[in-house]
*Asks:* 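Sharing a structure, written as structure tokens. Questions coming.
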Amino acid sequence: MAKNLVIVESPAKAKTIEKFLGKEYTVASSFGHIADLPSKELGVDVENGFKPNYIVSSDKKDVVKKLKSLSKKAEMVWLASDEDREGEAIAWHLAEELELDKDKTRRIVFHEITKKAILKAIESPRSIDYNLVNAQQARRVLDRLVGYELSPVLWRKVKGGLSAGRVQSVSVRLIVEREREILNFKSVPSYRIDAEFANEKGKSFKAKLPKNFSTKAEAEAFLKKSMGAIFKVADLTTKPAKKSPAPPFTTSTLQQEASRKLYFSVSKTMTMAQRLYEAGLITYMRTDSVNLSTEAQNGAKAEILSAYGEEYSHQRQYKGKAKGAQEAHEAIRPTDFSNHTVNVEYDQQRLYELIWKRAIASQMSDAKLERTNVKIEANTYKEQFTANGEVIKFEGFLKVYLEGTDDEDEEQEGILPAMKKAENLFNNYISATERFTRPPSRYSEAALVKKLEELGIGRPSTYAPTISTIQNRKYVDKGATEGEERSYIQMILTGDDLKENKLTEKVGSDKGKLIPTDVGMVVNDFLVNHFSSVLDYNFTAKVEQDFDEIAEGSEDWSQVMKGFYDEFHPKVIDVAENAEREVGERILGEDPESGKPVSVRLGKFGPMVQIGSVEDEEKPKFASLGPGQTLANITYEEAMDLFQLPKELGVYKGETVVVSNGRFGPYVRFGEKFVSLDKGEDPLGTSLERAIELIDAKEKADAPIYTYEDLPVQKGTGRFGPFIKWKGMFINVNKKYDFDNLSDEDIIQLIEDKKQKEIDKVLHNWEEEGIRVEKARWGRSNVIKGKIKIELPKTVDATKLTLEKVQAIIEKNAPKKKATAKKKTTAKKKTATKKKTTAKKK
DNA sequence: CAGTGAGCGAGCTTCCGCTTGACTT
């Protein structure tokens, strides 16, 4: 048995380090945090110094058990979690949970996974830094208090199941406010003037007028003045310039660049990077640091020298500028620079090459450029055209890599032909094109990450999960429309010939962009109205200062918590008691028939439009909003149209065909059968022909494709891809099969395989009692009796269960019947009265 | 699932940050 146990956070890291350290050392991993607050309760004693109640999370019990037994056998335990707040807390939790003896425990830290760095760390151990631990506790407790006190207020005032938090709520706010800017934006047209000239040698180049004309008449007048004009080079300047490489990737910049260049989602980037990391090809992918180890710098230099030559090398160390960065790791870089590419799955390979190029480029010399600016004058007016050119004199880092840009307008500056001042120019054409000012663009996932990082909100490990959370809560949706056609005018002057064209372009595509839902907007408005301090963009930055002071030892963490909570908690109580329910109501107008108000609001099942109010004698009329309609954008006319639904389209095969908006979108009903319209399809605009087309398609899709053991086999596409259905079983059809043309043999094969799998799954089957025990996922097993399903923990060896034991388990764990509660409900229904107003003012 | 939208009111939902997992309807 090895004398030393080293504990790190990541198993991949453990593997690497073990190689450096030799036989005297065992290296194990904690898989991140091992202890946390319980998820079912607040877990913070707010009355006693905010003492947290830590528990070992259920999925970490095995890890702790294993580490404990390893630590018992070791002579020295080295806690080598990361050198930041979270890492220090992990070290502390390990010391506590493993009950480590102080004399045989050392805390070590290193920022880079190199043999030198690790050996050096072992030579200079320290003890656990409790100030840093306390800063982490403050962070953890603050997030818990904010999240677990605000969320229930939302359940009460908006809708169940919602959530709020320091990071997610501000993320939603950014998206909501951007959307409002777009909604309020008024697009203004103007005319941009472009031209093409040729020099005396006949080489042509493009130029433009620095300012646009605001009306068509002005633009046209300008073009007319240009007829027959003589053009000359008025001025010509040439200046040297340089471009420097961007620093190597952090998590955030990697996500942005992979989104721009490879069109990866943030989570896809992280999955691909994780694979590369586990394969030992790149350094750790969750980092906020742009540092490179000396070893890495030398590795990059050697590669640059051999591949490009001396003049391309320029060693640089970058300074981190990210707010709140903790820099426990290196920047993201290849572990071996001599691998220009790696032989892995295609997408991983593309990401690797991006990382390689960026890291190599960061150690290369500046590009040297020459920028030329030409001003062109006409003899008939004083406006001057300008043309800009850029020539690369020495490419430097541009040989391997150029950073992408988010700016869609950026024009590539080309090479200008040689010209002299006062040289005469020939005009090929001048055009005036109608342009429209554009609203700010919606956030893409990567753009949101960039903004969050600028604000210092969230950490590298949480950017991707945060984006998932706000989508799971239905606060935000990903856009799916291609945009709309817009027509614009272009006038072109060629010689004395002035032509006008009407062209079209696509604008406003929101594909993959983050768009707030009605729920997102309503929740955001509620939070911003009542909890402005937590929703403030600078809230995180402010509390980070407090955490820093705690880490330095100049503040007591529970005092900081008290300062926050004494303000926050009374506000929560007050809002929970007194605030109005938030439904995002907007009055659109009046119903001409009844004179009652027409309003939109968030209902129990989503956004809806309503005529009249519940207090009226007569019941109000309701209708759900259709596709693409939101509380914010729906007009009075659109809202009134919704009351035409459900609409009868006619009769097909003896059944009435009806269209309407349902809870899950627009649909067509045909007798008892339902067919969804396409996402975004307008039910009001649906014809009988279109409905019949959908019905026929549905009938065809539902038609059995085969009959097996006298029972029909159907096929379909579900959340996890294509499947076939037989006897109520869903059978996944993987890529090995041609789903569109399944042969009879394929179908039989698939069914038989599934049957076998079902049989293999059963561990016990007591048919008389109707009780089964089956293998389930995560190494667990399930006890099944009729509709009751009880998950047994991993620790239970299900193969050894007896009928008696299983019956006892059912007795203990079966869900209590709710029959009594239900009876009460129906009985009370009739006697229900209007207590609304009195209940509210409690 | 394909309408509903209050009232009754059991018992549920939730945070951020550190890790990897292994397979569903």
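Throughout, a chain's letter reflects where its sequence line sits, starting with A, and its residues are numbered from 1. All of these numbers come straight from a predicted model, not from anything done at the bench.
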*Asks:* Which value, in whole Å, describes the distance between the P atoms of nucleotides B:dG7 and B:dG3?
*Replies:* 24 Å

*Asks:* Does A:Ser461 put a side-chain nitrogen or oxygen below 4.0 Å from OP1 or OP2 of B:dC18?
*Replies:* yes

*Asks:* Hey, does the Lys NZ or Arg CZ of A:Arg144 hover above the aromatic six-ring of A:Tyr148, less than 6.0 Å from the centre and inside 45° of the axis?
*Replies:* yes

*Asks:* Could you check which of B:dT14, B:dC18, B:dC16 has an atom nearest any side-chain atom of A:Glu86?
*Replies:* B:dC18

*Asks:* Can you tell if the side chain of A:Val519 reaches within under 4.5 Å of the side chain of A:Leu162, non-hydrogen atoms only?
*Replies:* yes

*Asks:* Give A:Gly43 one of three labels, base, sugar-phosphate or nothing, depending on what nucleic acid heavy atoms sit under 4.0 Å from its own.
*Replies:* nothing

*Asks:* Decide yes or no for A:Val46 and A:Tyr565: does some side-chain heavy atom of the first lie under 4.5 Å from some side-chain heavy atom of the second?
*Replies:* yes

*Asks:* For DNA chain B, whose closest nucleotide is more 5', that of A:Arg275 or that of A:Thr469?
*Replies:* A:Thr469

*Asks:* Give A:Ser660 one of three labels, base, sugar-phosphate or nothing, depending on what nucleic acid heavy atoms sit under 4.0 Å from its own.
*Replies:* nothing

*Asks:* For A:Ser163, answer base if it contacts any base atom (sugar-phosphate contacts may also be present), sugar-phosphate if it contacts only those atoms, and nothing otherwise; contact means non-hydrogen atoms under 4.0 Å.
*Replies:* sugar-phosphate

*Asks:* Tell me whether the side-chain N/O atoms of A:Lys619 come closer than 4.0 Å to OP1 or OP2 in B:dG5.
*Replies:* yes

*Asks:* Applying a 4.0 Å non-hydrogen cut-off, can you work out what A:Gln168 is touching in the nucleic acid: base, sugar-phosphate, or nothing?
*Replies:* sugar-phosphate

*Asks:* For a quick test of reading the model: is some side-chain N or O of A:Ser151 closer than 4.0 Å to OP1 or OP2 of B:dT13?
*Replies:* no

*Asks:* Please state whether the rings of A:Phe539 and A:Phe564 are parallel, tilted or perpendicular, taking 30° and 60° as the class boundaries.
*Replies:* tilted

*Asks:* Indicate the ring-plane relationship of A:His329 and A:Tyr284, choosing parallel, tilted or perpendicular according to the 30° and 60° boundaries.
*Replies:* tilted

*Asks:* Would you classify A:Arg459 as touching base, sugar-phosphate or nothing, given that sugar-phosphate means primed atoms plus P, OP1 and OP2, and contacts are heavy atoms under 4.0 Å?
*Replies:* sugar-phosphate

*Asks:* Between B:dG3, B:dG17, B:dC15, which nucleotide has the shortest distance from any of its atoms to the side chain of A:Arg473?
*Replies:* B:dC15

*Asks:* How many whole angstroms separate atom CG of A:Leu645 from atom P of B:dG3?
*Replies:* 12 Å

*Asks:* Can you tell me if A:Arg286 touches the phosphate of B:dC18, counting only side-chain N or O atoms and a distance under 4.0 Å to OP1 or OP2?
*Replies:* no

*Asks:* Quick one: is A:Arg140 getting a side-chain N or O under 4.0 Å of the B:dC18 phosphate, OP1 or OP2?
*Replies:* no

*Asks:* Please classify the nucleic acid contact of A:Ala89 as base, sugar-phosphate, or nothing, using heavy-atom distances under 4.0 Å.
*Replies:* nothing

*Asks:* Any base atoms under 4.0 Å from A:Val167, or only sugar-phosphate, or nothing? Heavy atoms, all strands.
*Replies:* sugar-phosphate

*Asks:* Tell me whether A:Arg166 contacts the main-chain N or O of A:Val146 through its side chain, where contact means a donor paired with an acceptor under 3.5 Å.
*Replies:* no

*Asks:* Distance check needed: B:dC15 P versus A:Glu41 CD, whole Å only.
*Replies:* 16 Å

*Asks:* Which is true for A:Pro11 with a 4.0 Å heavy-atom rule: it touches a base, it touches only sugar-phosphate, or it touches nothing?
*Replies:* sugar-phosphate

*Asks:* With a non-hydrogen cut-off below 4.0 angstrom, is A:Tyr284 in contact with a base, only sugar-phosphate, or nothing?
*Replies:* sugar-phosphate

*Asks:* Using the C1' atom as the point on both nucleotides, what is the distance between B:dT13 and B:dG9, in whole Å?
*Replies:* 16 Å

*Asks:* Have a look at A:Gly458 and say if it touches a base, only the backbone sugar-phosphate, or nothing, with a 4.0 Å heavy-atom cut-off.
*Replies:* sugar-phosphate

*Asks:* Give a yes or no on whether the backbone of A:Arg139 and the side-chain of A:Arg85 come within a donor-acceptor separation of less than 3.5 Å.
*Replies:* no

*Asks:* Quick one: which of B:dT20, B:dC16, B:dG3 gets closest to the side chain of A:Tyr667?
*Replies:* B:dG3

*Asks:* Of the nucleotides B:dG17, B:dG21, B:dA2, which one has an atom closest to the side chain of A:Glu278?
*Replies:* B:dG21

*Asks:* A:Gln274 near the nucleic acid: base, sugar-phosphate alone, or nothing, with a heavy-atom cut-off under 4.0 Å?
*Replies:* sugar-phosphate

*Asks:* What's the closest nucleotide to the A:Asp36 side chain, out of B:dT14, B:dC16, B:dC18?
*Replies:* B:dC16

*Asks:* Given B:dT14, B:dT13, B:dG5, which nucleotide is nearest the side-chain atoms of A:Lys40?
*Replies:* B:dT13

*Asks:* Counting any heavy atom closer than 4.0 Å, what does A:Arg85 reach on the DNA or RNA strands: base, sugar-phosphate only, or nothing?
*Replies:* nothing

*Asks:* Of the options B:dT20, B:dT13, B:dG17, whose atoms approach the side-chain atoms of A:Trp155 most closely?
*Replies:* B:dT13

*Asks:* Under 4.0 Å, heavy atoms only, any strand: does A:Gly165 hit a base, just the sugar-phosphate, or nothing?
*Replies:* sugar-phosphate

*Asks:* NA contact type, A:Arg156, heavy-atom cut-off 4.0 Å: base, sugar-phosphate, or nothing?
*Replies:* nothing

